[in-house]
Protein chains: 2
Amino acid sequence: MENKKPISLQTLKRLPIYLQYLKALQRDSVKHISSTSIALALGQNDVQVRKDLASVSDRGKPKIGYVLIELISDIESYLGYDNVQNAVIVGAGNLGRALLCYHGFSNYNLDIVAAFDNNDDIIGKMIKNKQIFSINKLKNLCERMKIKIGIITVPDYEAQKVCDLMVESGILAIWNFAPINLNVPKEVIVQNENIGSSLAILSKHLKEKLYK
Amino acid sequence: MENKKPISLQTLKRLPIYLQYLKALQRDSVKHISSTSIALALGQNDVQVRKDLASVSDRGKPKIGYVLIELISDIESYLGYDNVQNAVIVGAGNLGRALLCYHGFSNYNLDIVAAFDNNDDIIGKMIKNKQIFSINKLKNLCERMKIKIGIITVPDYEAQKVCDLMVESGILAIWNFAPINLNVPKEVIVQNENIGSSLAILSKHLKEKLYK
DNA sequence: TAGATTGTTAATCGATTAACAATC
DNA sequence: TAGATTGTTAATCGATTAACAATC
């Protein structure tokens with residue numbers, strides 16, 4: 001299914017959550033699934049789920065719902081998980097190494113091919129079959145391998161510099177773990193992963209529960 | 001400032017981002033700051049910033065803006081960063097260990113006091129001065145230390161079990177890194193950290209840039 | 001057929017942005 | 001004083017939810 005109306009950012013964020021749940025069902029050999037039951041399992045409104053799914057698949061049938069494998073396939077192809085996406089990571093500190101070791105990215109067909117750092121002590125080392133290169137090699141490798149996704153796990157004061165280098169290297173999508181606003185040209189997208197925002201929600205809730 | 005009208009979830013998520021920026025300014029010895037300049041630096045709408053700040057501080061002055069240290073203090077106290085918050089982490093795999101080593105939590109006055117796992121090979125080891133205990137010790141330690149924040153970094157099929165144990169141990173706020181929907185009583189809050197949602201946004205953008 | 005489910009249209013809700021008066 | 005900034009009220013925008021017709 002191609003090119004219905006553009007879907008909202010909120011829907012886009014929910015699709016991977018549905019997908020995860022659907023894949024778990026698949027392991028349990030479930031064959032069919034309805035929006036209503038997905039909504040129930042994930043604690044969401046059923047109309048919302050139905051609308052979200054309708055935006056990426058038109059194979060839903062009244063009374064039956066969706067055939068599980070068809071729905072999974074439609075969501076995956078919408079999200080672009082049907083092509084492997086190569087990525088590089090800059091910053092091989094604790095967080096960078098953890099991401100490098102994380103197996104779960106295969107679920108999203110994301111493959112981190114290499115890491116880069118400016119610390120001579122770790123340049124040249126291998127982590128889980130992946131080599132840590134000097135930051136100087138970033139541009140060359142990205143261009144040669146046509147890498148379009150960059151992950152930033154350096155300290156905040158280095159993040160903009162790294163970001164600029166990524167843009168120069170042809171990267172179009174940046175996953176930023178540094179707590180800072182990055183300036184990029186408009187053809188590049190930045191997704192900020194903000195630990196602070198999540199913690200704020202927990203902290204506020206706790207404050208209300210404990211002191212009120 | 002206490003108890004104006006309740007602020008929105010969106011505002012709550014943005015406050016830590018402002019705070020981060022304000023602290024960076026502090027290092028540069030800036031003394032005053034306006035909503036307009038924050039908005040400009042962070043690429044946001046100035047009315048939005050003004051409203052967000054007004055919801056936690058009433059010390060803004062026309063023409064001058066805010067005194068930096070006052071604004072920082074108001075945001076921090078609103079977010080509850082003025083008390084140290086102790087947390088435990090369950091699941092000492094790659095991600096769990098990375099979080100355990102992460103220094104940045106001190107910015108949020110969050111202190112991870114211990115990790116728990118069910119793998120005998122790592123139980124008893126120390127990571128950055130923090131011990132990995134058997135999961136069997138979780139309840140006792142949480143009760144004794146009155147720990148209210150739990151971080152889940154176990155595989156998805158173990159997450160609900162761990163969650164139940166946390167709830168039983170008196171934990172009220174759960175930061176969940178497992179890609180699964182957790183069922184909790186209504187007094188407990190769950191904040192899901194969803195890698196898939198972030199990646200979906202990047203992946204979709206890339207698909208549009210590259211294939212259209 | 002009746003009931004469960006789909007997809008769509010309309011209503012509601014909440015968040016963002018615009019307009020503007022107040023003020024240091 | 002004039003201009004920059006604040007805070008507030010109103011308008012707009014977008015997302016969620018409700019209502020309902022279509023259908024296997």
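Hydrogens, waters and symmetry mates play no part in the numbers below; they use all other heavy atoms, side chains included. Chain A is the first sequence line, chain B the second, and so forth, proteins listed ahead of strands; every chain is numbered from 1.
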message: Pairing donors with acceptors under 3.5 angstrom, does anything connect the side chains of A:Asp52 and A:Gln48?
response: no
field: Nearest-Å distance for atom pair CD1/C1', residues A:Ile64 and C:dT6
entry: 11 Å
task: Whole angstrom is fine here: how far is it from CG in B:Leu71 over to C1' in D:dT6?
output: 13 Å
- request: Provide, to the nearest angstrom, the distance between the CZ atom belonging to A:Arg50 and the P atom belonging to D:dT16.
  value: 15 Å
Residues in contact with DNA chain C, drawn from residues 11-45 of chain A - heavy-atom cutoff 4.0 Å: A:Ser34, A:Ser35, A:Thr36
- prompt: Are B:Tyr78 and A:Lys207 linked by a side-chain donor-acceptor pair shorter than 3.5 Å?
  reply: no
query: Within this structure, what is the OH-to-P distance between A:Tyr66 and C:dT6, rounded to whole angstrom?
result: 7 Å
task: Establish whether the base of D:dT17 is bridged to the side chain of A:Lys51 by a donor-acceptor pair shorter than 3.5 Å.
output: yes
message: What I want to check is whether the side chains of B:Asp46 and B:Ser35 have a donor and an acceptor closer together than 3.5 Å.
response: no
query: Charged N to carboxylate O below 4.0 Å: is that the case for A:Glu168 and A:Lys139?
result: yes
statement: note: A:Gln10, atom CD; C:dC13, atom C1'; distance rounded to Å ~ 14 Å
- prompt: From B:Arg97 CZ over to B:Ile89 CD1, what is the distance, rounded to the nearest 0.5 angstrom?
  reply: 11.0 Å
message: My understanding is that only one of B:Asn109, B:Ile149, B:Asn107, B:Leu110 makes a side chain to side chain contact (heavy atoms under 4.5 Å, CB included) with A:Leu199; could you say which?
response: B:Leu110
statement: From NZ of B:Lys61 across to C1' of D:dG7 the rounded distance in Å is 13 Å
task: Would you indicate which nucleotide in C:dC24, D:dA15, C:dG7 comes nearest to any side-chain atom of A:Ala54?
output: C:dG7
- request: Measure from the side chain of A:Val47, starting at C-beta and using heavy atoms only, and say which of D:dT5, D:dT17, C:dA19 lies closest.
  value: D:dT17
field: Whole-Å distance separating the NZ atom of B:Lys63 from the P atom of C:dC24
entry: 12 Å
query: How close or far is atom P of D:dT6 from atom CD of B:Gln48, stated in whole angstroms?
result: 15 Å
- prompt: Considering every strand shown, what is the Watson-Crick or G-U wobble mate of D:dG7 when both distances are under 3.5 Å?
  reply: C:dC20
statement: Minimal heavy-atom distance between B:Asp117 and B:Gly93, with the atoms involved, is OD2-N, 4.1 Å
query: Is there a Watson-Crick or G-U wobble partner for D:dA15 with both distances under 3.5 Å, and which nucleotide is it?
result: C:dT12
